[in-house]
Amino acid sequence: MVRALTALAALFAIGLSACGGSDKDKVDKTVRDFVTATNSRDAKAFCDKLVSQQFLEESTGAKGSKARDACHQQLRSLKSIKIKLEKINSTKVQGDKATVRAVLSTQGQKQDQVLRLRKEGGDWKLAGGAGG
């Protein structure tokens, strides 16, 4: 978890989906909710609702429910990462996968980002990111 947030922070230079609305709207909301949960250290929203199981396992190094527990602990221990969603440039949905191009900033540094999302359990969840 810390590794994933650190990686995202480095890439930055550093709810869940509402009923109704298109998949694009739900994907965009998940990205906004992800930023909010990160900034407020809302481990329940971040770890339980907004990131995929694969993301949890890759970012914490733990498997199954232990990955979720590790995520809770690691997110709460973070102190200084604050992310701002400057804008969403584009959102592409293909089946149960989506790609969002967004401008995110931290510590005044803006960075284009590509965020990957996956539909899991009927909800859109962050599955990873890559520099834009």
Side-chain angles (χ1 to χ4, degrees):
M1 173 64 210
V2 169
R3 287 182 293 188
L5 284 177
T6 301
L8 283 173
L11 291 172
F12 302 154
I14 337 197
L16 272 161
S17 305
C19 295
S22 68
D23 274 337
K24 178 194 174 304
D25 293 338
K26 292 175 183 180
V27 166
D28 289 351
K29 181 175 180 348
T30 298
V31 169
R32 288 190 301 273
D33 291 348
F34 173 80
V35 170
T36 299
T38 300
N39 290 336
S40 64
R41 309 298 183 263
D42 184 348
K44 186 166 179 60
F46 184 99
C47 303
D48 298 351
K49 298 177 183 178
L50 297 171
V51 297
S52 69
Q53 184 65 32
Q54 179 182 347
F55 181 98
L56 286 173
E57 291 180 359
E58 288 176 358
S59 62
T60 65
K63 300 290 182 202
S65 64
K66 290 182 181 186
R68 183 162 280 111
D69 294 341
C71 176
H72 278 255
Q73 181 180 30
Q74 292 173 2
L75 185 65
R76 287 186 187 122
S77 72
L78 292 177
K79 301 289 183 229
S80 63
I81 295 176
K82 287 288 187 184
I83 302 165
K84 181 177 180 186
L85 177 61
E86 299 288 340
K87 68 179 179 174
I88 293 175
N89 289 323
S90 68
T91 301
K92 294 181 183 172
V93 178
Q94 294 179 315
D96 66 349
K97 295 181 181 177
T99 304
V100 175
R101 290 189 152 283
V103 177
L104 299 162
S105 65
T106 188
Q107 299 177 346
Q109 299 278 320
K110 291 183 183 179
Q111 186 93 138
D112 290 327
Q113 297 294 304
V114 176
L115 303 171
R116 295 180 297 111
L117 290 92
R118 174 175 290 135
K119 205 170 211 179
E120 188 176 275
D123 296 313
W124 287 100
K125 298 185 179 193
L126 191 76

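Predicted model, so just to flag it, every value in this text is computed and none were measured. Numbers here simply count residues along the sequence, with the first being 1.
Val31 is not listed as a side-chain neighbour of Thr91, based on a closest heavy-atom distance of 4.5 Å or more.
Atom CG of residue Leu117 and atom CG of residue Asp123 lie 11.5 Å apart, to the nearest 0.5 angstrom. The distance from the NZ atom of Lys44 to the CZ atom of Arg68 is 9.5 Å, given to the nearest 0.5 Å. Rounded to the nearest 0.5 Å, atoms CG (Asn39) and NZ (Lys82) are 5.0 Å apart. With values rounded to the nearest 0.5 angstrom, Leu85 atom CG is found 9.0 Å from Leu115 atom CG. Rounded to the nearest 0.5 Å, atoms OG1 (Thr30) and NZ (Lys125) are 9.5 Å apart. Here the CD atom belonging to Glu120 is positioned 11.0 Å from the CG atom belonging to Leu126, to the nearest 0.5 angstrom.
In the hydrophobic clustering of ILVMFWY residues, with side-chain heavy atoms under 4.5 Å counting as a link, Val93 and Phe34 come out together.
Residues satisfying the salt bridge (charged side-chain N to carboxylate O under 4.0 Å, His left out) test with Lys92, not counting sequence neighbours, are none. Listed by chain and residue number, Lys119, Trp124 satisfy the side chain to side chain donor-acceptor pair (under 3.5 Å) test with Asp23 (two or more places apart in sequence, or in another chain). For the side chain to side chain donor-acceptor pair (under 3.5 Å) test, residues two or more places apart in sequence or in another chain that qualify with Glu86 are Ser105.
Residues Arg41 and Leu78 come closest through the heavy atom pair NE-O, 3.1 Å. The nearest pair of heavy atoms linking Leu75 to Ala37 is CD2-O, 4.4 Å. When all heavy atoms are compared, the tightest approach of Asp33 to Leu50 is O-CD1, 3.4 Å. Of all heavy-atom pairs between Ile83 and Val35, the closest is O-CG1, 3.3 Å. Closest of all the heavy-atom pairs between Glu57 and Gly64 is OE2-N, 2.9 Å. Scanning all heavy atoms of the two residues, the minimum distance from Leu56 to Cys47 falls at CD1-O, 3.6 Å.
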Evaluate the salt bridge (Lys or Arg N to Asp or Glu O under 4.0 Å) criterion for residues Asp25 and Lys29: first the C-alpha distance (whole Å), next the side-chain angles of each, then the deciding distance (0.1 Å), finally the verdict.
CA-CA 6 Å; Asp25 293 338; Lys29 181 175 180 348; over 6 Å; no
